[in-house]
Engineer: 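Below is one structure. I have some questions about it.
Values reported hereafter were calculated over all heavy atoms of this structure, with side chains retained and with hydrogens, waters and symmetry mates removed. Just so you know, ligand 1 is whichever comes first in the structure, and atom 1 is the first atom listed for that ligand.
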Amino acid sequence: MDMQPIKARSGNHNLENYEQTYNNFKWDEAKANFTWSETGKVNIAYETIDKHAADPAKKDKAALIYSSPDREESLTFEQLKKKSNQFANVLKNQGIEKGDRVFLFMHRSPEFYASFLGILKTGAIAGPLFEAFMEQAVRDRLEDSEAKMLITTPDLLDRVPQDELPNLEKIILVGGDDDSRYISFEKEMENASEDFEIEWVDLEDGMLLHYTSGSTGKPKGVYHVHNAMIQHYQTGKWVLDLKEDDVYWCTADPGWVTGTSYGIFAPWLNGVTNVIRGGRFSPDDWYGTIAEQNVSVWYSAPTAFRKLLSAGEETAKKHDLSSLRHILSVGEPLNPEVITWGLKAFDLRIHDTWWMTETGAMLICNYPSVDMRPGSMGKPFPGVEAAIVDNEGNKLPANQMGNLAIREGWPSMMRAIWNNPGKYESYFINGWYVSGDSAYQDEDGYFWFQGRLDDVINTSGERVGPFEVESKLIEHEAVAEAGVIGKPDPERGEIIKAFITLREGYSESDELREDIRQFVKKGLSAHAAPREIEIKDTIPKTRSGKIMRRLLKSWELGLPTGDTSTLEE
Ligand code: 6R9
């Protein structure tokens, strides 16, 4: 679909002149907004909440507006400061210290946000987990990070490993009955002081671990430091275009980096009211949230936009969406069709943004004041150098496809892969962070996404590693071998398709396929379960025994199979 550029609307945007700012901006200017510039020490939780609570004009402003089908609650900056202080005291009483890992496995709720901020106030490192995770996924992450403590809710307890994990000292239960095995959140909070002496840390001290999938091995722990706040703040200002009176809604789960960088840090660093919606997705619920809360800035994902598009115009028309003034997207390619729909449904452009768990914050974006080319991810954020490079890290000319790469050293860049220095090193070539995405840059500087260079699957915006799914599949008693690919899907971007061979004594049936699907779902998570399972006599492998996913994909798409010289006999 070829579309004309969409002109920027004139108006009062935080970033008025992109080109000029890009040519002049230095990150040090942004640093000056934080305590660090005066004291040499900082804490991201202070900058997001306490700073505004200390401002008489802001302290009674709503920081968090939580709503779900069965609960409504709103907290001011002052109240959120006190609650997170209380939780920081709870943790401190339990012996949590700077650098310890404390994990959260719970649904979005006011308690989640107070706990998350409380962890950061103690100087500990927060590890938020998707509520959809099953036991194996939770276990892998707690083990790898050597987490000391886990905060969870009773309905998720059956997915928390109950045998002893060597490092997990305690579990805090939110909303449970009295049970001596666990610490009661409510009881501890009741007794905890609302004052807390924040642990002041260095910009390079750790604050967050997000686990994400690669093409091989178990999920890796992407380690972020307090310094990331500089970029969370500045992208919130210039890309989200946040202003004093905005009501902001980021639809992402905090188990995903978008739900922390842009569901917690960016809005609050900018002192803006942040809407959190609990419960499940439905078009009426989402439109209703925009209308009821008067959402003005909305950050979501192509998968959600495509579902809203399919729900039809009538559904949209039932709701008053006139509060919206700015819409953004992340996680997958934003189809030009969706942008066209957005223009009709909201009379607004949907602004694509590109970044990754590893990059911590937005890097390539569309800005309210810049003309947009539908299908393009936009241009690099000021202070960020992006390029297309070859496999040796040499820059390629305009319009040539290659590795999308970023010059090392932007503020929110990951600082390590937990326990895996080799993996961390492997991201960098010749001073460039190489993303694993392929793209090209046109002669006017716009970047165009082309695909993943590895086998990582992007299903409804979630990164799934094929290796993890394959490993789980072969744990099923009927499965001998498995190869897993992403198959293009109009709504989900990709769906997971598994090719398997069966062990002796098993034969093909729909029941078996469903049983295998459920097995992966229970073992990993719903989003990792293959939607399609095809049974084969053999799975193509290289001579060194690697599953040739590329070949499976070519078969699936009816494409030429390319070089098969390494294919096993
Ligand atoms: C924030 C986030 C990262 C991968 C990334 C790319 C894909 C993200 C995109 C996009 C096309 C965009 N991706 N944004 N693809 N257009 N605007 O998504 O982090 O879950 O780590 O995924 O997602 O392939 O490499 P993460």
Side-chain angles (χ1 to χ4, degrees), residues 128-130 132 208-215 219-224 228 231-232 235 239-240 250-266 299-306 327-336 338-339 349-367 372-381 386 401 403-406 410 412-414 417 427 433-441 446-466 486 488 492-494 525 527-528:
L129 300 175
F130 275 113
L208 187 60
L209 260 185
H210 268 298
Y211 278 80
T212 191
S213 300
S215 54
K220 45 190 193 258
V222 177
Y223 173 72
H224 288 290
Q231 197 164 343
H232 295 150
T235 52
V239 188
L240 300 176
C250 169
T251 60
D253 187 289
W256 183 31
V257 68
T258 307
T260 53
S261 295
Y262 294 97
I264 298 176
F265 299 128
Y299 196 17
S300 195
T303 278
F305 294 131
R306 288 192 295 262
I327 311 178
L328 305 102
S329 171
V330 65
E332 308 156 70
L334 180 64
N335 328 68
V338 174
I339 295 179
R349 309 191 305 181
I350 302 178
H351 297 72
D352 195 12
T353 62
W354 177 90
W355 56 292
M356 306 174 68
T357 304
E358 292 87 337
T359 75
M362 299 166 175
L363 292 175
I364 297 178
C365 313
N366 287 280
Y367 310 86
M372 200 166 97
R373 299 191 175 169
S376 159
M377 306 187 290
K379 297 186 177 188
F381 191 78
M401 205 166 115
N403 302 293
L404 174 54
I406 310 292
W410 68 95
S412 65
M413 185 175 95
M414 64 171 169
I417 296 292
Y427 280 93
Y433 163 85
V434 180
S435 68
D437 286 352
S438 71
Y440 68 90
Q441 185 178 23
Y446 288 85
F447 281 86
W448 300 76
F449 179 83
Q450 301 294 294
R452 281 296 297 179
L453 289 161
D454 54 24
D455 300 320
V456 172
I457 301 165
N458 190 332
T459 179
S460 297
E462 312 234 22
R463 256 164 93 172
V464 177
R492 296 187 168 81
E494 289 182 304
S525 69
H527 69 260

Engineer: Can you tell me the protein heavy atom closest to atom 12 (C) of ligand 1 and the distance?
Structural biologist: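 The answer is E332 O, 3.4 Å.
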Engineer: For L404, does its backbone N or O pair with a side-chain atom of S435 as donor and acceptor, under 3.5 Å?
Structural biologist: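 Yes; at least one donor-acceptor contact below 3.5 Å.
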Engineer: Going by the atom numbers of ligand 1, which of them fall below 4.0 Å from some non-hydrogen atom of P333?
Structural biologist: 11 (C), 15 (N), 16 (N)
Engineer: Identify, by atom number and element, the atoms of ligand 1 in contact range of T357, meaning under 4.0 Å from any of its heavy atoms.
Structural biologist: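 Every atom of ligand 1 under 4.0 Å from some heavy atom of T357: 19 (O), 20 (O), 21 (O), 26 (P).
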Engineer: I'd like to check whether R463 has a polar contact with ligand 1, where a contact means an N/O of the residue lying under 3.5 Å from an N/O of the ligand.
Structural biologist: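 Right, the criterion is met.
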Engineer: What atoms in ligand 1 come closer than 4.0 Å to a heavy atom of T353?
Structural biologist: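 Here the atoms of ligand 1 in question are 12 (C), 14 (N), 17 (N).
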Engineer: Hydrogens and angles aside, do T303 and E332 bring a side-chain donor and acceptor to less than 3.5 Å of each other?
Structural biologist: yes
Engineer: Can you confirm, on distance only, whether ligand 1 has an N/O atom lying under 3.5 Å from any N/O atom belonging to G331?
Structural biologist: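 There is such a contact, yes.
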Engineer: Is D437 touching ligand 1 with its side chain, its backbone, both, or neither, if touching means heavy atoms under 4.0 Å apart?
Structural biologist: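 Under 4.0 Å from ligand 1, D437 contributes side-chain atoms alone.
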Engineer: Using 30° and 60° as the class boundaries, would you call the ring planes of Y299 and Y262 parallel, tilted or perpendicular?
Structural biologist: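 The rings of Y299 and Y262 stand perpendicular, inter-plane angle above 60°.
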Engineer: Hey, is ligand 1 close enough to D352 that some N/O pair sits below 3.5 Å?
Structural biologist: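 N/O-N/O distance under 3.5 Å: yes.
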Engineer: What atoms of ligand 1 come within less than 4.0 Å of a heavy atom belonging to N458?
Structural biologist: 7 (C), 23 (O)
Engineer: When you look for heavy atoms under 4.0 Å from ligand 1, do you find them on the side chain of E462, its backbone, both, or neither?
Structural biologist: neither
Engineer: So is R452 polar-close to ligand 1, meaning N/O to N/O under 3.5 Å?
Structural biologist: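 Yes, R452 has an N/O under 3.5 Å of an N/O on ligand 1.
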Engineer: Are F381 and W410 near enough that their ring centres are under 6.0 Å apart?
Structural biologist: no
Engineer: Are the side chain of N458 and the backbone of G331 linked by a donor-acceptor contact shorter than 3.5 Å?
Structural biologist: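 Yes, the answer is positive, given that a donor and an acceptor are paired below the 3.5 Å cut-off.
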Engineer: With distance as the sole test, does H224 use its side chain to make a donor-acceptor pair with the main-chain N or O of T357 at under 3.5 Å?
Structural biologist: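 Yes.
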Engineer: Distance alone, cut at 3.5 Å: any donor-acceptor contact between the side chains of R306 and N335?
Structural biologist: yes
Engineer: Heavy-atom contacts under 4.0 Å between F449 and ligand 1: side chain, backbone, both, or neither?
Structural biologist: side chain
Engineer: For residues H527 and S460, is any side-chain donor paired with an opposing acceptor at under 3.5 Å?
Structural biologist: no
Engineer: Would you kindly specify which portion of T258 sits under 4.0 Å from ligand 1, judged on non-hydrogen atoms: side chain, backbone, both or neither?
Structural biologist: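 T258 to ligand 1: side-chain contact only, backbone stays beyond 4.0 Å.
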Engineer: What atoms of ligand 1 come closer than 4.0 angstrom to any heavy atom of M377?
Structural biologist: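 Close to M377: 16 (N).
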Engineer: Indicate, as side chain, backbone, both or neither, the part of M356 found under 4.0 angstrom from ligand 1 when only non-hydrogen atoms are considered.
Structural biologist: both
Engineer: Check the pair N366, R349 against side-chain contact (heavy atoms from CB on, under 4.5 Å), reporting the backbone distance first and the verdict last.
Structural biologist: CA-CA 10 Å; N366 287 280; R349 309 191 305 181; 5.8 Å; no
Engineer: Output, in order, the C-alpha distance, side-chain angles, deciding distance and verdict of salt bridge (Lys or Arg N to Asp or Glu O under 4.0 Å) for R452 and E494.
Structural biologist: CA-CA 12 Å; R452 281 296 297 179; E494 289 182 304; over 6 Å; no
Engineer: Nearest protein heavy-atom contact for atom 18 (O) of ligand 1: which residue, which atom, what distance?
Structural biologist: W256 CZ2, 3.3 Å
